[in-house]
4 protein chains.
Amino acid sequence: MAGSMFGNIFKITTWGESHGKALGVVIDGCPAGLMLDENDIQLYLNRRKPGQSSISTPRKESDQVEILSGVFEGKTTGTPISLLVPNTSQKSSDYNEIATYYRPGHADYTFDAKYGFRDYTGGGRSSGRETIGRVAAGAVAAKILKEMGITITAYTKSIGPVEIDYANYKKENIYTTATCMPDAKADQKALEYLQKCMSAKDSSGGVIECIAEGIPAGIGDPVFEKLDANLGKAILSIGAIKAVEIGDGIMSAKSTGSVNNDAFVCKNGKIHKKTNHSGGVLGGISDGAQLVLRAYVKPTPSIFSPQETVNKENQNIEIAIKGRHDPVIVPRAVVVVEAMAALTILDACMMNMTARLDYLTGFYQK
Amino acid sequence: MAGSMFGNIFKITTWGESHGKALGVVIDGCPAGLMLDENDIQLYLNRRKPGQSSISTPRKESDQVEILSGVFEGKTTGTPISLLVPNTSQKSSDYNEIATYYRPGHADYTFDAKYGFRDYTGGGRSSGRETIGRVAAGAVAAKILKEMGITITAYTKSIGPVEIDYANYKKENIYTTATCMPDAKADQKALEYLQKCMSAKDSSGGVIECIAEGIPAGIGDPVFEKLDANLGKAILSIGAIKAVEIGDGIMSAKSTGSVNNDAFVCKNGKIHKKTNHSGGVLGGISDGAQLVLRAYVKPTPSIFSPQETVNKENQNIEIAIKGRHDPVIVPRAVVVVEAMAALTILDACMMNMTARLDYLTGFYQK
Amino acid sequence: MAGSMFGNIFKITTWGESHGKALGVVIDGCPAGLMLDENDIQLYLNRRKPGQSSISTPRKESDQVEILSGVFEGKTTGTPISLLVPNTSQKSSDYNEIATYYRPGHADYTFDAKYGFRDYTGGGRSSGRETIGRVAAGAVAAKILKEMGITITAYTKSIGPVEIDYANYKKENIYTTATCMPDAKADQKALEYLQKCMSAKDSSGGVIECIAEGIPAGIGDPVFEKLDANLGKAILSIGAIKAVEIGDGIMSAKSTGSVNNDAFVCKNGKIHKKTNHSGGVLGGISDGAQLVLRAYVKPTPSIFSPQETVNKENQNIEIAIKGRHDPVIVPRAVVVVEAMAALTILDACMMNMTARLDYLTGFYQK
Amino acid sequence: MAGSMFGNIFKITTWGESHGKALGVVIDGCPAGLMLDENDIQLYLNRRKPGQSSISTPRKESDQVEILSGVFEGKTTGTPISLLVPNTSQKSSDYNEIATYYRPGHADYTFDAKYGFRDYTGGGRSSGRETIGRVAAGAVAAKILKEMGITITAYTKSIGPVEIDYANYKKENIYTTATCMPDAKADQKALEYLQKCMSAKDSSGGVIECIAEGIPAGIGDPVFEKLDANLGKAILSIGAIKAVEIGDGIMSAKSTGSVNNDAFVCKNGKIHKKTNHSGGVLGGISDGAQLVLRAYVKPTPSIFSPQETVNKENQNIEIAIKGRHDPVIVPRAVVVVEAMAALTILDACMMNMTARLDYLTGFYQK
């Protein structure tokens with residue numbers, strides 16, 4: 001079964017392995033007429049690049065994107081946009097040992113169980129590099145959403161026990177701190193915590209928060225194509241994410257109706273909500289408030305402490321993973337969450353354009 | 001856009017409103033040769049019926065299912081199975097008032113925003129009665145899974161502050177307690193808590209846990225069609241569910257790699273994991289361990305306390321919802337979670353049957 | 001695999017067997033706000049009913065449609081529309097004999113090969129009655145298209161050797177002649193021909209032509225979702241249709257470029273084509289001219305002459321089919337072709353609404 | 001809307017324009033374990049290359065394919081296979097004039113109508129070079145089918161008035177004659193006819209026949225996913241094809257039931273048909289006989305005779321197309337038909353693997 005496609009109208013197909021020749025994505029269903037060049041995409045890809053701080057692997061991944069089709073004289077043509085990022089600095093030799101056993105917390109065992117064998121170099125298709133295609137496509141979706149008045153912002157909410165204080169929130173910090181926290185003080189504390197993790201040959205989990213603003217009320221479809229259901233799938237499809245919540249999410253299970261319900265009020269002829277426990281979605285359809293979701297990320301499975309596992313000969317062995325690995329996945333996953341949210345929201349907005357008969361008659365009788 | 005379809009190979013389309021003539025589902029892609037009669041489905045539908053305890057609305061919903069197609073001489077034929085449940089006791093008159101304003105926490109406002117008007121009788125399509133189609137189809141999926149050696153069990157894990165103690169776990173309690181808790185003591189405490197909620201004209205949230213056993217390693221597809229991503233969508237598509245987690249889920253964000261990684265061990269030539277922090281999924285593919293997920297349910301939005309909202313004339317008003325409503329959604333949603341998990345897992349198992357060339361050659365050269 | 005679903009945005013799922021309890025269709029993705037009642041659909045269903053002439057089986061099929069969901073206060077709500085037609089006069093006893101052998105030209109053998117057994121009463125799901133769901137859904141699509149300024153007309157072009165003369169074309173004849181021919185003279189000749197077929201215990205094939213007017217230029221998508229490719233699939237999915245052509249179709253293979261190319265001309269600032277060899281589609285996208293397609297229908301396979309076949313015990317036998325069967329399928333398939341064309345064209349028009357960035361920004365910035 | 005994706009389980013996404021940097025395809029859903037290298041694909045691509053005979057444009061298109069992902073140690077891994085063919089010898093300067101007007105018979109006008117502008121260099125996405133992605137993916141599908149015992153063969157049946165004589169059929173001629181005719185004598189006559197066309201500054205149409213052998217009975221799904229309906233879509237999605245027929249196709253409309261029905265006979269315990277008027281499909285499902293289809297191809301629209309059309313300023317002008325263009329599309333489309341048939345048949349075979357409950361229980365209980 002094909003697992004690398006996403007979307008209903010704005011459809012993407014990602015491809016590529018960690019240590020193959022290249023990775024990429026084909027976007028099919030992008031509207032014609034969008035000004036687009038490599039730089040629009042490169043800005044997003046740069047945000048997921050490693051080697052940028054003390055908590056990021058010093059592997060050099062230049063990750064330069066090339067547009068191979070679908071753009072003519074600077075504008076999208078409506079036909080498929082093929083984006084390619086060559087793999088330049090992958091050393092397969094590092095991975096010969098990994099071929100012989102199953103790393104705990106990784107997909108080595110499950111890929112073998114599914115396919116009978118696996119590309120063991122750097123995790124192959126289950127590597128974090130797989131997200132290059134998502135981010136590249138998400139950059140295009142985000143640019144379209146911006147033209148529609150919708151912006152999406154993701155950032156690190158917590159790493160291990162260290163959580164941001166919204167009183168210190170500065171948006172620009174997201175793009176300058178090593179942790180992608182909008183709170184510079186929390187960033188420093190988180191870095192200290194991560195140093196301790198590294199000293200202990202261990203790793204940390206964390207939480208990413210994502211906010212979308214400008215989504216009009218009415219986006220998303222009832223029953224199975226609820227906006228939050230599709231966002232949930234989008235976010236949980238990112239490797240290492242183990243939970244997703246909308247609005248008050250987990251906390252709403254301990255809440256009561258009188259607290260959790262958001263009252264409607266009308267002010268200057270416009271309806272809005274006094275609170276936003278719902279996180280911007282009611283009955284699966286956007287309610288005009290900020291869309292708020294959170295992704296819970298597990299600790300990096302590649303740790304340097306010794307671990308028990310099984311080798312190819314079905315022997316129980318102890319291993320110690322080598323190489324250099326980030327002690328936390330969260331900062332580099334921030335832009336991936338943003339990208340997946342952008343892809344999902346744009347697709348839902350497109351699907352909404354045929355929701356009413358007068359939308360059709362207005363469009364075709366004009 | 002069509003929102004009422006689910007699945008890739010075992011595809012369902014649900015339909016029907018709370019107060020329409022009937023509700024139902026069409027299953028397309030059910031394999032031929034399954035023994036199936038109305039009773040197989042009725043057993044599941046009975047589990048979501050109201051009027052069965054002090055914490056459930058005394059509305060009588062007989063919910064008798066009829067098989068209209070796809071079964072011949074007691075067996076499925078491979079063609080679409082149409083299942084219909086007539087609406088018998090709906091009184092639309094109760095809802096004339098609701099037509100004039102937006103109930104907080106409900107989808108009244110968002111349906112109007114999307115479609116320009118709405119079926120206001122009993123919530124129309126956004127009613128909990130929409131889940132009849134899901135449960136009916138899920139019953140069929142669960143019967144097939146059972147033949148394949150896979151069983152799915154959902155139950156109430158907590159209601160408000162009251163949580164089950166696994167030491168008291170008895171599976172049969174799930175089907176006999178009013179709360180669907182497997183722990184009879186917790187059930188009693190939860191009922192007391194709910195009585196307090198009702199006295200306070202308030203409602204409660206809670207958590208549903210779902211366990212699948214017997215899934216072989218290798219089910220689910222990489223990248224976007226991960227087993228946990230599709231389960232996440234399936235569960236979040238159920239009304240009132242605000243968060244979903246797999247395995248350690250939320251807790252894994254505060255964990256470390258050395259704790260969160262599950263070691264592999266080989267015993268008697270079979271590989272398994274020493275722990276199951278992953279909840280049975282690695283890299284989106286089943287790892288042979290129990291699949292564990294949790295759904296976080298918000299409090300019933302229909303409460304009898306006064307609430308602020310807006311009416312059709314855009315006036316700010318105070319309302320008090322009438323009628324009878326469950327103080328908690330959780331117990332009746334348990335079977336819905338089970339149904340959605342069954343649909344998702346069966347579909348993933350079907351998709352897996354073409355994962356290897358030797359599966360095809362074995363099938364077609366036999 | 002699910003075979004009973006059609007469409008990308010305006011999606012339908014048909015269900016039901018010839019001799020089951022009922023047949024029907026669920027439409028998911030119908031825009032909200034369309035005035036719709038049973039009569040809109042009944043008018044189309046009546047056009048495919050048998051028992052209306054000397055060349056149609058006298059089986060009584062009342063085929064009364066009921067709307068079960070998706071319509072509220074006379075208007076579609078945007079949620080699934082469930083349409084049901086009860087089977088009333090089916091006598092399964094006629095078919096006990098058929099259960100024991102494979103009728104030539106029917107799907108008896110292939111259903112057994114696929115599913116291991118089959119519903120043999122009246123052909124089960126492979127019966128012509130399966131088209132009830134298509135026609136009911138097509139009636140809704142046609143009503144929407146009419147609001148958008150698009151009309152679709154199908155009629156019988158030929159039966160056996162008898163072809164219509166366009167000089168005698170009167171649209172109203174389509175709905176009054178037994179053959180659905182727009183040429184009343186040809187209708188009489190075709191009836192004479194069919195009488196001869198019946199006397200010879202034989203049957204006849206024929207051709208259906210379908211014209212769509214009012215489709216603006218620009219509908220359809222390049223490469224695989226070409227308008228003509230989707231129409232081709234739609235038409236070939238109707239039982240008994242063995243070929244489909246667009247515009248000059250088959251003849252274009254013997255033509256030359258200088259004849260087959262349609263010259264563009266501009267008149268009063270509007271571009272149109274001087275001829276329409278293309279049948280209204282260039283590169284898979286509508287060119288603003290009439291859309292013209294033809295469906296080639298094989299002779300009714302149920303004939304009263306003796307035929308050779310094989311029975312359940314793998315014995316070679318001779319059979320003579322009993323009961324009453326139409327000597328030609330064409331007239332009753334005319335409305336089915338019209339319905340499938342309507343479904344396809346509406347879906348393509350919906351898909352087109354996101355083709356350009358300014359469509360999105362115009363819609364969302366308004 | 002995304003138009004460049006095809007298939008349900010074996011899914012492909014093609015991309016690229018005539019004069020862009022490259023063209024390609026991503027295959028998602030290819031089973032793991034297939035031996036695959038560039039040569040497997042290059043053999044198919046070479047069959048569609050121009051510059052190989054007097055009736056083919058001398059444009060040099062080297063069309064060397066590169067595998068970028070999805071193959072590891074010589075075998076497919078089950079993850080997406082990205083195939084890329086660089087554009088090497090395209091000269092955009094040839095097309096500056098074309099930018100200013102609409103070529104009759106081409107998609108220039110309809111692309112402009114749809115997208116507001118177009119990539120005018122060499123037809124952009126509507127160029128015949130678009131088929132590179134189809135052929136590359138089809139080569140992979142054909143290799144899998146071969147392992148399953150299914151072979152597909154397409155060839156030229158006629159060009160203009162010149163038709164092959166089956167008495168002269170030699171399979172190897174398909175790959176050696178300039179026309180891809182299996183009849184060497186007809187090939188010579190066809191070349192003479194094409195020389196006349198070229199002298200007259202004109203072009204010719206023709207017919208491609210495609211035969212699939214080894215398809216077991218039972219492939220294809222009832223109603224909308226009929227094998228012939230999907231083949232019809234696949235073939236009609238190829239540019240310039242205006243009609244498609246299965247088995248006796250068009251002729252069956254003039255036939256009678258007693259002639260058109262294929263009698264079943266049992267010989268040595270195996271059921272087969274005495275004739276094959278159906279072309280291997282009954283009720284949309286393969287009947288075990290040869291699958292036979294024909295594609296009717298229009299004449300090359302690029303002709304050197306003067307033609308009337310409209311320019312950008314809406315002026316009526318006369319044009320004469322320059323450059324070098326094939327006088328007939330048929331020979332180079334033969335391998336494209338073969339590729340589309342392979343993709344469709346493989347996908348249908350995959351879908352069939354879940355048709356019966358015992359297929360699932362057999363697979364999962366083993």
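In what follows, every chain begins at residue 1, and chains take the letters A, B, ... in the order their sequences are listed.
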Chemist: Are the aromatic ring centres of D/Y120 and A/F72 under 6.0 angstrom apart?
Modeler: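 Yes - the distance between ring centres of D/Y120 and A/F72 falls below the 6.0 Å cut-off.
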Chemist: Which heavy-atom pair separates D/T14 from D/R125 by the least distance, and what is that distance?
Modeler: OG1-NH2, 2.7 Å
Chemist: For residues D/N87 and D/R129, determine if any side-chain heavy atom of one lies less than 4.5 Å from a side-chain heavy atom of the other.
Modeler: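 Side chain of D/N87 against side chain of D/R129, heavy atoms only: contact under 4.5 Å found.
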Chemist: For the interface with chain A, which of D/G33, D/G70, D/G116 has the highest count of heavy-atom pairs at distances below 4.5 Å?
Modeler: D/G70
Chemist: Between A/K75 and D/F117, is NZ or CZ placed under 6.0 angstrom from the six-membered ring centre and within 45° of the ring axis?
Modeler: yes
Chemist: Chain D heavy atoms under 4.5 Å from A/L84: which part of the residue, side chain, backbone, both or neither?
Modeler: side chain
Chemist: Given a strict heavy-atom distance threshold of 4.5 Å, which part of A/F10 is in contact with chain D: side chain, backbone, both, or neither?
Modeler: neither
Chemist: Tell me which of these, D/A32, D/G124, D/S82, has more heavy-atom pairs under 4.5 Å with chain A than the rest.
Modeler: D/S82
